[in-house]
Amino acid sequence: MTRSIDARAARIPLRATRGDALRPALLLIAVLALALGGVQLAVGVDAPVPFWVPLAFTAVFFVWTAAGVIAWWQRPLSMVGGLLLVGAIAMFLGGVGNLGLPVLVELSTIFATLILAVTVHLLHAFPSGRLQGRVSIATVAVGYGVTLLLQIPLYVLPPDTLPHLVGVWVQAFVGLGVMGVTAALLIRRLRSADPKNLRVLLPLYLYGILAVLSIPLSANVLRLLGAPGEVIGSIQLVVIAGIPIAFLLGVLIGGYAQTVEAEVLSAWLSLAGSARTVVGAALARSLGDDSLRVAYWAENRQVFVDEAGLDVEVRAQSTPRQWQEVHVESRLVGAITYDERMIADPETVSRAGRVLAIALDRERLTAALLASNDALQQSRLRIVETADRERNRIARDLHDGLQVQLVLLALEAQQIANSGDAHPSTVTEATALRHRIDTAAADLRRLVHAVLPSALVERGLTAAAEDLVDRLEIPASLVSDADDSTLAPATSQSAYLIMAEALTNAVKHSDARTVNVRIAQRGALLSVTVKDDGRGGARVEDGTGLKGLVDRIDTLGGSFELVSPLGSGTEVRVELPCGS
């Protein structure tokens, strides 16, 4: 199911007037409820039953009324508050029979079980207040039939007669069937609910089902056990009083707290500044669906993406998930996906989308930029990895190829020098040649070590750092707790290059007397700290070595910090992700 939202209609606001116009009516309802409750208490003083009975019914009536007024006030576009007020009326009609007036006794008998049907209706309609699906509509209709139509034999037929007893059993049997279907449907809804909505729906549904089942069943069980009627009635009233409280808490603590108006959404966006996910958060909160998601249209790829720039299959949504496109003029900028059980009226999503279309378009551009930035970052990372692989290849070729050839040439020169029939001048020249070859081989080994030390490849970062520290011309210390087996090759090589550059600067440029190196691994991060006691004043801009390493660290997703006050030494701090 899809509908299009066009920003040209953005001048049509969310129905702010509905909430504003509803609140005076709710205040009037509250005043009338107080008046009715006062009348019930005043008449109940002279009623043929103990005064606590009308007092208890009035208190439960007030609980239902207060819950309905608060719920409707907080979420004017939802009908949950209205259903709670219907339940309050059912409680009032069920309680007036205790006043002893014949007309009111008959009225109370007619509506004695209506509160059960209202509770079933609430369970099926929460949180939008509207019934969805033929099964829910039919179940609720049968529930009202049980409490209204099947109630007729109970007050029309004489008690203790067979037709009256049959009517009682038929009403009980059909009522249990309604509750069985309700329980099955709610269990199916819970299984398919979004986890963010499940935390509110689960306790509410469980209490509602148990309450509606326990009211008729507990009466029969307690009556068989010989419990007094006052005890049975008190237990039922306590259970019934908890029903509106449970639904009100579901409205207040869930994502359904308030359907805010267009002006409030606009103010929210202005306060939120440039946060990337503000549109999705604003819509989810204002429309009462924590599972609501916003997707952005990537024109160049012809796909929807999320806030992180990842592809989203918006058009693959299926019931109960629905989606609506959002347009700015004729240009598609995004889509809103939501749970139709949380938001029963698609027009609500449409109005909100029109108000936020421009903001959503801004976030669409941000998402597209993030996607491009991710692609650029991945490209930079591939360049670093390619350079490392090429560095490794060159080091292996120099070590296994040219260095071996120099060793063989040195052996041949030595053999010539050791030859018994060689001329003395030849022996001298061959010996000198061997020394030059040895020097070239030593220079080559230093070059290979600078390109990629064998200790790093063969024994890991800690061993390579030990070798690096041992070869320094000044006293140095090393502390390391890194686990080389968990470090990616790019991380190990980057950490080594950073240490090598920092130690070189400490010896050549900082005039340091001592230097300390610390390698620490904390979770998914590897930190490297190199601190000397030199003259300080170092800057990244002063040389190309650290500047190139800073770019490398940024590519790997790490952080770099240089602390070098004049006269107080230099400290290089680096953090790198351990994994690739």
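Quick caveat, the model's predicted, so the values are computed rather than measured. Just so you know, these numbers use all the heavy atoms, side chains as well, and skip hydrogens, waters and symmetry mates.
- The two residues Phe57 and Gly94 come nearest to each other via the heavy atoms CE2-O, 4.1 Å.
- Side-chain contact between Gln521 and Leu487 is present, with at least one heavy-atom pair separated by less than 4.5 Å.
- Atoms CG and CG, from Asn98 and Leu55 in turn, are 11.5 Å apart once rounded to the nearest 0.5 Å.
- The shortest distance between side-chain heavy atoms of Gln40 and Leu36 does not fall below 4.5 Å.
- Not a single donor-acceptor pair under 3.5 Å links the side chain of Ser108 to the backbone N or O of Val96.
- Between Leu114 and Tyr144 there is a side-chain heavy-atom pair separated by less than 4.5 Å.
- The CG atom of Leu93 lies 11.5 Å from the OG1 atom of Thr109; values are rounded to the nearest 0.5 Å.
- For the side chain to side chain donor-acceptor pair (under 3.5 Å) with His124, the lone residue among Thr139, Thr182, Thr119 that qualifies is Thr182.
- Between Leu83 and Ala125 the shortest heavy-atom distance is CD1-CB, 4.0 Å.
- Ring-plane geometry between Phe61 and Phe92 is classed as tilted, the angle between the planes lying from 30 to 60 degrees on a 0 to 90 degree scale.
- The minimum heavy-atom distance linking Ala56 with Leu237 is given by the pair CB-CD1, 3.7 Å.
- Rounding to the nearest 0.5 Å gives a distance of 8.5 Å between CD1 of Ile152 and CD1 of Ile110.
- Atom CG of Leu101 sits about 11.0 Å away from atom CG of Leu107, to the nearest 0.5 Å.
- Proximity of a side-chain donor or acceptor of Gln151 to a complementary backbone N or O of Phe111 within less than 3.5 Å is not detected.
- For the side chain to side chain contact (heavy atoms under 4.5 Å, CB included) with Val69, the qualifying choice from Leu84, Leu26, Leu27, Leu248 is Leu26, the only one to do so.
- Atom CG of Leu99 is separated from atom CG of Asp46 by 10.5 Å, given to the nearest 0.5 angstrom.
- In the displayed structure, Phe51 atom CZ is contacted under 6.0 Å by more than 12 heavy atoms of other residues, nucleotides or ligands.
- Across all non-hydrogen atoms, the minimal contact from Phe247 to Leu122 is CZ-CB, 3.4 Å.
- Within the 4.5 Å cutoff, no side-chain heavy atoms of Met91 are placed close to those of Pro244.
- Tyr207 and Ala246 get closest at one heavy-atom pair: CD2-CB, 3.8 Å.
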Check the pair Leu154 / Val168 against side chain to side chain contact (heavy atoms under 4.5 Å, CB included), numbers first and verdict last.
CA-CA 7 Å; Leu154 303 187; Val168 171; 3.2 Å; yes

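- Gln171 contributes a side-chain N or O that, together with a main-chain N or O of Val146, makes up a donor-acceptor pair within less than 3.5 Å.
- With hydrogens and angles ignored, the 3.5 Å screen pairs a side-chain donor or acceptor of Trp64 with a backbone N or O of Ile240.
- Each of Arg293, Glu313, Arg321 was evaluated against Thr337; a single residue qualifies, Arg321, per the side chain to side chain donor-acceptor pair (under 3.5 Å) test.
- Considering every non-hydrogen atom in both Gly81 and Ala71, the closest pair reads CA-CB, 3.9 Å.
- The CD1 atom of Ile336 lies 6.5 Å from the CG atom of Leu292; values are rounded to the nearest 0.5 Å.
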